[in-house]
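Take a look at the structure below.
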Amino acid sequence: MPANNSIKKALSLIEDDVSKVLGLNVGKHAGIRPGQYIPRADAQSPPELFFRDLSPSSTYMVIGLDIDAPFPSFGVLGPILHWIQPGLQPTPSDSDPNVHTLKVTAPFVANYIGPAPPPGSSPHRYIFILYEQPAGFNGKKYAPPSGQNLGNMHRMRYNLDSWEKEIRLGSTVAANYFNSN
């Protein structure tokens with residue numbers, strides 16, 4: 001399994017500072033708390049993302065990973081990439097101008113796939129890490145051609161640390177995770 005220090009930092013960030021918890025609405029579940037259980041069937045569509053005090057002039061990117069594949073006690077295939085969505089534009093919410101909904105304005109780099117732990121597995125953690133998107137980032141350079149879905153072989157043992165270096169991602173803005181099986 002790749003080192004993925006970025007995942008450890010993101011988990012530590014939200015343990016130490018609740019103001020860095022990324023807002024997630026997953027299916028019919030709103031305002032997900034870190035570690036909350038979400039049934040697999042309820043998480044098959046990409047979550048809605050929101051966060052406080054984002055710069056409206058910046059664009060953001062989210063990366064979603066299963067950090068417990070194939071089993072929490074035996075993570076030899078993990079983490080598994082579940083989503084890379086660049087082009088997230090903050091839009092002030094109607095109820096609170098300090099809270100911004102992140103609207104998709106660009107094609108995915110890796111299409112979203114919902115939770116799918118193997119039979120008999122205990123719940124997996126699905127983490128979502130928000131970054132400010134690097135200036136000049138070209139998602140087409142990294143995405144499958146013609147908007148195709150990313151194949152499973154490119155998702156296993158995903159090295160987030162390498163991705164961060166390759167595209168020059170900065171520090172984590174916010175993160176959150178839920179459990180599912």
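Because only heavy atoms are used, hydrogens play no part in the values below, and waters and symmetry mates are left out as well, while side chains stay in.
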Grab the two heavy atoms, one from [X] and one from [Y], that are nearest each other, plus how far apart they are.
X: Val76; Y: Arg157; answer: O-NH1, 3.1 Å
X: Glu132; Y: Ser58; answer: OE2-OG, 3.1 Å
X: Val26; Y: Phe178; answer: CG2-CE2, 4.0 Å
X: Ala43; Y: Pro115; answer: O-CD, 3.1 Å
X: Pro72; Y: Ser122; answer: CG-OG, 3.3 Å
X: Gly87; Y: Thr59; answer: CA-CG2, 3.5 Å

Requested in this report: Check the pair Leu102, Leu130 against side chain to side chain contact (heavy atoms under 4.5 Å, CB included), reporting the backbone distance first and the verdict last.
Outcome: CA-CA 10 Å; Leu102 291 156; Leu130 184 69; 3.9 Å; yes
Requested in this report: May I ask you to decide if the ring planes of Phe137 and Trp163 are parallel, tilted or perpendicular, using 30° and 60° as cut-offs?
Outcome: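 Because their plane-to-plane angle is over 60°, the rings of Phe137 and Trp163 count as perpendicular.
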Query raised in the report: Relative to each other, are the rings of Phe128 and Tyr112 parallel, tilted or perpendicular (30° and 60° limits)?
Result: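 Answer is parallel, since the angle falls under 30°.
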Report task. Could you check Trp83 against Ile63 for side chain to side chain contact (heavy atoms under 4.5 Å, CB included), going step by step and ending with a plain yes or no? Result -> CA-CA 5 Å; Trp83 194 26; Ile63 298 172; over 6 Å; no
Query raised in the report: Is the closest side-chain donor-acceptor distance between Ser121 and Asn181 under 3.5 Å?
Result: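 No, because no side-chain N or O of Ser121 sits under 3.5 Å from a partner of the opposite role on Asn181.
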Report task. May I ask you to check whether Gln89 and Thr105 show a side-chain donor-acceptor distance below 3.5 Å? Result ->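 Judged by distance alone, the side chains do not pair up.
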Do the non-hydrogen side-chain atoms of [X] and [Y] ever get within less than 4.5 Å of each other?
X: Ser93; Y: Phe50; answer: no
X: Ile84; Y: Asn111; answer: no
X: Asp42; Y: Lys28; answer: yes
X: Tyr126; Y: Pro47; answer: no
X: Asn179; Y: Ile38; answer: no

Query raised in the report: What's the verdict on side chain to side chain donor-acceptor pair (under 3.5 Å) for Asp17 and Ser19, showing C-alpha distance, side-chain angles and the deciding distance?
Result: CA-CA 5 Å; Asp17 185 353; Ser19 73; 2.5 Å; yes
Give a yes or no on this: more than 12 heavy atoms of other residues, nucleotides or ligands lie within 6.0 Å of atom [atom1] of [X].
X: Asp94; atom1: CG; result: no
X: Gln44; atom1: CD; result: yes
X: Arg33; atom1: CZ; result: no

Report whether [X] and [Y] are members of the same hydrophobic cluster (ILVMFWY, side-chain heavy atoms less than 4.5 Å apart, transitive linking).
X: Phe74; Y: Leu77; result: yes
X: Val109; Y: Leu150; result: yes
X: Leu11; Y: Val21; result: yes
X: Tyr131; Y: Leu24; result: no
X: Ile67; Y: Tyr177; result: yes

Just how far is it from atom [atom1] of [X] to atom [atom2] of [Y], taken to the nearest 0.5 Å?
X: Lys20; Y: Asn176; atom1: NZ; atom2: CG; result: 14.0 Å
X: Gln85; Y: Tyr60; atom1: CD; atom2: OH; result: 15.5 Å
X: Ile129; Y: Lys9; atom1: CD1; atom2: NZ; result: 11.0 Å

Do [X] side-chain atoms and [Y] backbone N/O form a donor-acceptor pair below 3.5 Å?
X: Asn98; Y: Asp53; value: no
X: His29; Y: Tyr37; value: no
X: Asn4; Y: Tyr158; value: yes
X: Arg125; Y: Leu65; value: no
X: Asn25; Y: Ile32; value: no
X: Asn159; Y: Ser162; value: yes
X: His100; Y: Thr91; value: no

**Report entry** Verdict with reasoning, Phe51 to Leu49, per side chain to side chain contact (heavy atoms under 4.5 Å, CB included)
**Finding:** CA-CA 7 Å; Phe51 195 64; Leu49 308 170; over 6 Å; no
Query raised in the report: Stepwise, does the side chain to side chain contact (heavy atoms under 4.5 Å, CB included) test hold for Asn152 with Ile80?
Result: CA-CA 9 Å; Asn152 288 342; Ile80 292 181; over 6 Å; no
Query raised in the report: Among Val173, Leu169, Leu88, whose side-chain contact (heavy atoms from CB on, under 4.5 Å) with Met61 holds?
Result: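 That would be Leu169; it is the only one of Val173, Leu169, Leu88 passing the side-chain contact (heavy atoms from CB on, under 4.5 Å) with Met61.
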Query raised in the report: Do Arg155 and Asp66 sit within salt-bridge range, that is, some charged N less than 4.0 Å from a carboxylate O?
Result: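 The answer is no: the pair does not qualify as a salt bridge.
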